[in-house]
Amino acid sequence: SYQFNLESDDPFIFKYTFEDIVGNRYLVEFKNIPVRKPGKLSNVYELLYYVEDGGSYSVSKIVNVNPYRILQTVFGDILNDFITRCPLAKEIYFVGLGKDREKEFVTSRTRIYKRYLDMNQPNGFSVRQVGNSIKLTRI
């Protein structure tokens, strides 16, 4: 996987960054999702990751540089680091966004993420797909 940096360990939003071998910069966030009251810390987080595109981060930029190494970095090393640093997290969910012209309800990205997580299950978490989203639950 790629070397990553923890940029913020605020319990409301953890931020990580890394760079691939051709210089694409990535931002990975774990955002706390309020369950009962806005502004109150909950045990539910959403995982989001972006690629830098023209000076800002984007979810739509497609990078074809060693996707397995990117998966291993985001859903392996960074996810496991987050789980270790944030024992409060009981649920983590994310959605595989559709690529241009992708019409299927379950996107190819969701299928790839799920396949990776089934083969590399995060320690102490179960992996479940619900529609086009993936939900990790602490066991």
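Both backbone and side-chain heavy atoms feed into the values below; hydrogens, waters and symmetry mates do not.
Side-chain atoms of Gln129 come within 3.5 Å of backbone N or O of Gly131 as a donor-acceptor pair. The closest donor-acceptor contact from the side chain of Asp20 to the backbone of Val22 lies under 3.5 Å. Here the side chain of Asn43 pairs no donor or acceptor atom with the backbone of Leu88 at under 3.5 angstrom.
With values rounded to the nearest 0.5 angstrom, Arg109 atom CZ is found 12.5 Å from Ile134 atom CD1. Rounded to the nearest 0.5 angstrom, Glu19 CD and Tyr2 OH are separated by 10.0 Å. Separation of atoms CZ (Arg25) and OG1 (Thr17) is listed at 5.5 Å; rounding is to 0.5 Å. Note that OG of Ser42 is 11.5 Å distant from NZ of Lys90, once rounded to the nearest 0.5 Å. To the nearest 0.5 angstrom, Asn24 atom CG is 7.5 Å from Ile70 atom CD1.
Phe125 and Met119 are not part of a single hydrophobic cluster, where members link through side-chain heavy atoms under 4.5 Å apart. Note on Ile139 and Leu136: separate hydrophobic clusters, where clusters join Ile, Leu, Val, Met, Phe, Trp and Tyr whose side-chain heavy atoms are under 4.5 Å apart, directly or indirectly. Both Leu6 and Leu79 belong to a single network of hydrophobic side chains, linked directly or stepwise wherever heavy atoms of I, L, V, M, F, W or Y lie under 4.5 Å apart. Note on Val51: it clusters hydrophobically with Tyr113, by side-chain heavy-atom contacts below 4.5 Å among ILVMFWY residues.
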Under the criterion side-chain contact (heavy atoms from CB on, under 4.5 Å), I'd like the reasoning laid out for Leu71 against Asn120: C-alpha separation, chi angles, the key distance, then a yes or no.
CA-CA 11 Å; Leu71 282 173; Asn120 302 281; over 6 Å; no
- Starting from the C-alpha separation in whole Å, work towards a yes-or-no answer on side-chain contact (heavy atoms from CB on, under 4.5 Å) for Thr110 and Ser133. CA-CA 7 Å; Thr110 297; Ser133 64; over 6 Å; no
For this session: Kindly determine whether Val28 and Phe18 satisfy side-chain contact (heavy atoms from CB on, under 4.5 Å), including the steps that lead there.
Result: CA-CA 8 Å; Val28 180; Phe18 69 95; 3.9 Å; yes
Practice item. Determine, stepwise, if the pair Val74 / Leu47 fulfils side-chain contact (heavy atoms from CB on, under 4.5 Å). Key: CA-CA 9 Å; Val74 175; Leu47 186 163; 4.2 Å; yes
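Nearest heavy atoms, Lys114 versus Arg128: CE-C, 4.3 Å. Across all non-hydrogen atoms, the minimal contact from Phe12 to Lys40 is CE2-C, 4.1 Å. Considering all non-hydrogen atoms of both residues, Leu48 and Tyr50 come closest at CD1-OH, 3.4 Å.
In Asn123, the CG atom is not crowded: 12 or fewer heavy atoms of neighbouring residues, nucleotides or ligands sit closer than 6.0 Å.
Within the structure, every pair that satisfies the side chain to side chain donor-acceptor pair (under 3.5 Å) test and touches residues 70-85, not counting sequence neighbours, is listed here: Ser1-Asp77, Tyr16-Asp81, Asp81-Arg85. Sequence neighbours left out, the pairs with a member in residues 130-139 that pass salt bridge (Lys or Arg N to Asp or Glu O under 4.0 Å) are Glu91-Lys135.
Taking the six-membered ring for Trp and thresholds of 30 and 60 degrees, Tyr49 and Phe75 have ring planes more than 60 degrees apart, a perpendicular arrangement.
Under the 4.5 Å side-chain criterion, counting only non-hydrogen atoms from C-beta, Leu27 is not in contact with Glu52. Residues Pro122 and Val127 meet the side-chain proximity criterion, which asks for heavy atoms closer than 4.5 Å.
Under the side-chain contact (heavy atoms from CB on, under 4.5 Å) criterion, Ile33 pairs with Val44, Glu46, Tyr93, sequence neighbours left out.
Each of Tyr45, Phe94, Phe14, Phe82 was scored for a ring-ring contact (aromatic ring centres under 6.0 Å, His included) with Phe30, with one residue passing: Phe82.
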